[in-house]
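Only one structure is covered here, and it is reproduced in the block below.
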Amino acid sequence: MEAKQLHQPASSHSPIYHAILQAGPRLKPLQQVHARIVITGLGRSRSLITKLLSFAYAATSPITYTRRLFLSIPEPDTFLFHSLITLTSKFNFPQESLLYYRRMILANISSTNYTFSAVIKSSADLRTFNTGETIHCHVLICGYGLDSYVQAALVSFYAKWGQLWIARKVFDKMPEKTVVAWNSMISGYEQNGFGKEAIALFYLMQDLGVKPDSTTFVSLLSACAQLGAVGLGCWVHEYIVRNCFDLNVVLGTALINMYSRCGNVSKAREVFDSVEEKNIVAWTAMISGYGMHGHGSQAIELFSEMRVLGPRPNNVTFVAILSACAHAGLVSEGRQIFASMRQEYGLEPSVEHQVCMVDMLGRAGHLNEAYQFIRDMVSKEPAPAVWTAMLGACKMHKDFDLGVEVAEHLLSIQPENPGHYVMLSNIYALAGRMDRVEKVRNIMIRNRLKKEVGYSTIDVDQKIYLFSMGDKSHPETNEIYLYLDELMSRCREAGYVPASESVMHEVEEEEKEHALRYHSEKLAIAFGLLKTSPGVAIRIVKNLRMCEDCHTAIKHISVVSNREINIRDRLRFHHFKDGSCSCQDYW
DNA sequence: GTAGGGTTAG
């Protein structure tokens, strides 16, 4: 007993050790204790400095201070390295974490599964792929290749890098797949835009009897949001309620986002109201939900409420609220909010906010003001995204001269972006300059630039079906096309006139109407109408923006089929009902 | 003592 006490660091009983504990993770008090340590000549005590350092990281102290503390220790030991690496990883100092890892190797101290999982997380955070790969080698050499903690960290590392194939390989090799490993893989798919794969992996997890936890559902709900998988999304919500999961703010926000992106903004609001400790992310998600649906005044109302009794808005919040104003035509409100960013909150507007402003002014038809805004606000060369917003406004309001000027400028600064060529050619087509359309088309072919392929998805009975333009891969293709043809002729009888101006120029003239008729959203709608009962609303998610012709056609379809049709395109929602759209053609 | 999660313009 006595011998044991002798081996314990004497300082753990010392008043100064208690003083460190009392200071806790607060920089100023820690520095005061540090001064005492130096004065009393204990500055070289490893255990005191180790404790001091761990609190310093928890207090997110300046790197210069923590580094100097570290350097004051003559011979750092295993315990010090291990605590430093795990702490820096946990408190998001990935650079420091890797630095200590290197120092540890130089000091000839070996890693454990604790340090490995921490340092792998750090290299994922830092986005240093080579370092991560090297550490993976170290893991294998040191014999931790089958440790479930280390493997889960590796899965998430590779997934963060978009190396899903390697992530999956590590995952598949795990002898014991913990729920964390499943979650890492599911979230990896979701964050790389593979919502379908994320959902498939969840079903596999279910089949194997692995119990999901709240993190599983957060990722799963994001996948549902991405795909518009409202059926599964609702099932998850019911499951959460039935199994008495705690509706914490992260899970709540995932639900809010899922409901808004799946078209049910009032349900999103219900969830929002029921979340107890709402933080800035939850508020922003809800504001963005209103914005996406064109409910600008509700977005502003919520934003005002937040200013009074919620957390401080951040840059993301301002993007969400300004975009809401843009999509609802609330120009003067948007101007005021933009001004308040700097005046009241000291936030410097960034490119995203400039884009929102140009978009807002441009949509509302204030093209000159939008152009002036770019000249006044943006000091150096404006970001391409700002010009893209300006170009969209020119196209919308058919200002060909300005549109061509902007498009040509965009092409000169970003010649590799196919989207700009598409816009330019569309503007030429609208102006009837078919010779120019042809020219742009040839440049695209010469430079092998391809337009992004459009697709639409629809959720029927908790299954997601994907359609692309002219798609014939579906087993019931014939039935779908026949039905669509019939539907379109009924629309024509009801007054619909197909337009061909918005067809992409790579399509040959004689195929134009054909192509328009089989745009992916129309195929998905036909399928939805065939597969669901009368009265059931059709919900579609499209990856690109809808063309003007589809927008008109779908208004007619909502009449002749007597159905509500909700489409989420790249930018926002369109709720079609009785021949009109919720965006009031303001898109 | 470890690993995994939610919001953002065009």
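In what follows, chains carry the letters A, B, and so on, assigned in the order in which the sequence lines appear, proteins first and then strands, with residues in each chain numbered from 1.
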Mind checking if [X] touches a base, just sugar-phosphate, or nothing, with heavy atoms under 4.0 Å?
X: A385(A); value: base
X: T178(A); value: base
X: N248(A); value: base
X: N279(A); value: base
X: D213(A); value: base
X: K90(A); value: nothing
X: V155(A); value: nothing
X: S156(A); value: sugar-phosphate
X: S214(A); value: base

* **Distance-only donor-acceptor test, S323(A) side-chain atoms vs dG10(B) base atoms, 3.5 Å** =>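 Checked by distance alone, the answer is no.
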* Ignoring hydrogens and angles, does a donor from either the side chain of T388(A) or the base of dG10(B) sit under 3.5 Å from an acceptor on the other? ->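 Absent.
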* Asked: Side-chain N or O of H353(A) less than 4.0 angstrom from OP1 or OP2 on dG10(B)?
  ->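 No, because none of the side-chain N or O atoms of H353(A) sits under 4.0 Å from OP1 or OP2 of dG10(B).
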Atom-to-atom span, [atom1] of [X] to [atom2] of [N] - whole angstrom:
X: L221(A); N: dG5(B); atom1: CG; atom2: P; answer: 15 Å
X: L347(A); N: dT8(B); atom1: CG; atom2: P; answer: 18 Å
X: R261(A); N: dT8(B); atom1: CZ; atom2: P; answer: 5 Å
X: F81(A); N: dG1(B); atom1: CZ; atom2: P; answer: 23 Å
X: K278(A); N: dG6(B); atom1: NZ; atom2: C1'; answer: 15 Å
X: K51(A); N: dG1(B); atom1: NZ; atom2: C1'; answer: 11 Å
X: R570(A); N: dG10(B); atom1: CZ; atom2: P; answer: 11 Å
X: Q191(A); N: dG6(B); atom1: CD; atom2: C1'; answer: 10 Å

Ignoring the backbone of [X], work out which of [options] is nearest its side chain.
X: V316(A); options: dG10(B), dT8(B), dG5(B); value: dT8(B)
X: V319(A); options: dA3(B), dA9(B), dG5(B); value: dA9(B)
X: N257(A); options: dT7(B), dT2(B), dT8(B); value: dT7(B)
X: E352(A); options: dA9(B), dG5(B), dA3(B); value: dA9(B)
X: A389(A); options: dA3(B), dA9(B), dG10(B); value: dG10(B)
X: V281(A); options: dG10(B), dG6(B), dA9(B); value: dG6(B)
X: V180(A); options: dT7(B), dG1(B), dA3(B); value: dA3(B)
X: S288(A); options: dA3(B), dG6(B), dT7(B); value: dT7(B)
X: T253(A); options: dG5(B), dT7(B), dG6(B); value: dG6(B)
X: N113(A); options: dG5(B), dG6(B), dT2(B); value: dT2(B)

* **Interatomic spacing from CG in L302(A) to CZ in R269(A) - rounded to 0.5 Å** =>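 Atom-to-atom, L302(A):CG and R269(A):CZ are 5.0 Å apart.
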* **Distance-only side-chain donor-acceptor flag, E408(A) / H420(A), under 3.5 Å** =>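 No, no side-chain donor-acceptor pair sits under 3.5 Å.
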* **Passing candidate, side-chain contact (heavy atoms from CB on, under 4.5 Å) with I256(A), options V271(A), V265(A), L221(A)** =>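 It is V271(A), the one option of V271(A), V265(A), L221(A) that forms the side-chain contact (heavy atoms from CB on, under 4.5 Å) with I256(A).
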Can the ring centres of [X] and [Y] be said to be less than 6.0 Å apart?
X: W283(A); Y: F303(A); answer: no
X: F81(A); Y: Y101(A); answer: no
X: F318(A); Y: Y345(A); answer: yes

* Only one of F171(A), F129(A), F116(A) forms a ring pair (Phe, Tyr, Trp, His ring centres under 6.0 Å) with F157(A), so which one is it? ->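 That would be F129(A); it is the only one of F171(A), F129(A), F116(A) passing the ring pair (Phe, Tyr, Trp, His ring centres under 6.0 Å) with F157(A).
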